[in-house]
Student: 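Structure incoming, see below.
Throughout, protein chains are lettered first and strands after them, A, B, ... in sequence-line order, and every chain is numbered starting at 1.
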Amino acid sequence: MVERPTDASPGGPGSSKDDEEELARRLERLGESLETRRAAEEAENRKGRSSGFAQATKVASEFVAGVIVGAGIGWGIDKAAGTSPWALIVFLLLGFAAGVLNVLRSEGVVADAGARLREAEPKETRRPDRDGDRPAP
Amino acid sequence: MAADKVDPIHQFHITKILPINVGHYDVSFTNSSLFMAMTVIAATAFLILATSGRSMVPNRWQLVAEMSYSFVANTLRDAAGKAGMKFFPMVFSLFMFVLVANLLGMIPYFFTITSHIIVTFCLAMLVISTVVIYGIWKHGFHFFGLFVPSGVPAALVPLVTMIEVISFLSRPISLSVRLFANMLAGHITLKVFAGFVVTLSAAGVAGMAGAVLPLAMAVALTALEFLVAFLQAYVFTVLTCMYLNDAIHPGH
């Protein structure tokens with residue numbers, strides 16, 4: 001690989017030229033397979049980077065957090081305004097919705113609030129430095 | 001001590017080392033405080049000592065320090081762009097703190113501070129307060145545009161906004177619960193399987209033979225726990241970067 005004769009070199013014997021072509025082909029194939037492999041691995045990493053347990057805690061924590069915050073807000077409003085139990089019921093339901101939204105977002109099914117707004121924006125070309133590719137959490 | 005062996009929760013007990021009371025508040029120096037201090041000292045000492053050589057061709061320690069630096073820097077730059085680099089000191093400190101705390105927790109008889117939800121919740125609140133304060137300071141009222149999605153029918157806007165606000169407020173909780181749950185569950189599992197080994201091997205020769213299985217499991221789990229320790233520090237950092245991105249570019 002140190003010296004690389006050009007294709008048109010007349011002095012080179014036929015066999016070495018074949019070798020060269022063969023080598024080039026193999027290198028190209030290697031590069032291609034490496035590339036596809038890398039892309040596949042990256043996609044794999046992005047989707048399920050970690051063990052099933054980590055995935056489970058991720059989704060569970062996202063969902064539970066939404067429900068807890070909803071219930072907490074509802075309970076606080078009830079406590080402050082004496083409307084028990086209506087605010088708790090309403091905000092618990094909203095919390096469920098937020099939990100589902102969190103899960104969908106963390107799985108990349110629904111765009112992030114910020115990302116979505118940024119996507120809707122480019123027609124005004126306010127921020128050309130943003131390309132909006134963010135790694136999944 | 002024999003009773004401790006079968007109690008997988010015992011390792012998380014907080015014990016006061018130096019009782020201090022200020023007014024009605026108990027601000028005692030506990031084993032948790034001790035390990036937090038140790039985490040900070042270990043991380044600081046590692047970075048200072050590792051980079052003290054400043055050689056052009058780094059030795060192993062310097063290489064590890066430089067790798068962790070560029071790793072966090074790349075994560076932050078990918079998630080939050082160039083403007084996010086002004087938060088690098090905070091993000092890097094958080095990453096090193098969580099990582100070193102997780103790894104210190106892997107040493108037998110050491111206390112794992114990240115297995116207490118109040119610790120991880122404080123870290124998460126630090127992140128979220130930074131996001132909110134910086135977002136409002138930088139963008140003013142526009143920051144709240146984060147909660148009002150575009151292209152939604154006017155009748156649904158209040159509902160969707162409410163859900164978005166709850167979703168935003170749930171971020172510190174999910175951020176802290178994820179780190180805490182992983183560390184807690186991992187350490188309990190490890191303890192339970194190690195407890196099996198002790199209990200089984202006390203039951204004679206047949207038990208000894210049977211104890212090989214949980215022992216192998218404990219070894220495998222230890223390896224997994226080291227992975228989780230690193231992974232959770234990384235996940236915490238990535239999420240921090242993503243939330244900071246919302247503060248820097250709320251998209252008005």
Student: Where along residues 69-85 of chain A does a heavy atom come under 4.5 Å of chain B, listed by residue number?
Tutor: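 So the qualifying residues are A:Val69, A:Gly70, A:Ile73.
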Student: Do B:His116 and B:Phe111 make the cut of ring centroids closer than 6.0 angstrom?
Tutor: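 They qualify: ring centres under 6.0 Å apart.
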Student: Just grab all the side chain to side chain donor-acceptor pair (under 3.5 Å) pairs involving residues 213-225 of chain B, residues at least two apart or on different chains.
Tutor: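 Residue pairs passing side chain to side chain donor-acceptor pair (under 3.5 Å), neighbours aside: none found.
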Student: Do B:Phe71 and B:Tyr234 have their ring centres less than 6.0 Å from each other?
Tutor: yes
Student: Would B:Phe88 and B:Phe95 count as a close aromatic pair, with their ring centres under 6.0 Å?
Tutor: no
Student: Got a sec, which residues hit side chain to side chain donor-acceptor pair (under 3.5 Å) with A:Glu22, two or more places apart in sequence or on another chain?
Tutor: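 With neighbours one apart ignored, the set is A:Arg25.
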Student: Which residues pass the side chain to side chain donor-acceptor pair (under 3.5 Å) test with B:Thr120, sequence neighbours left out?
Tutor: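 Once residues adjacent in sequence are excluded, B:Thr120 has no partner under the side chain to side chain donor-acceptor pair (under 3.5 Å) criterion.
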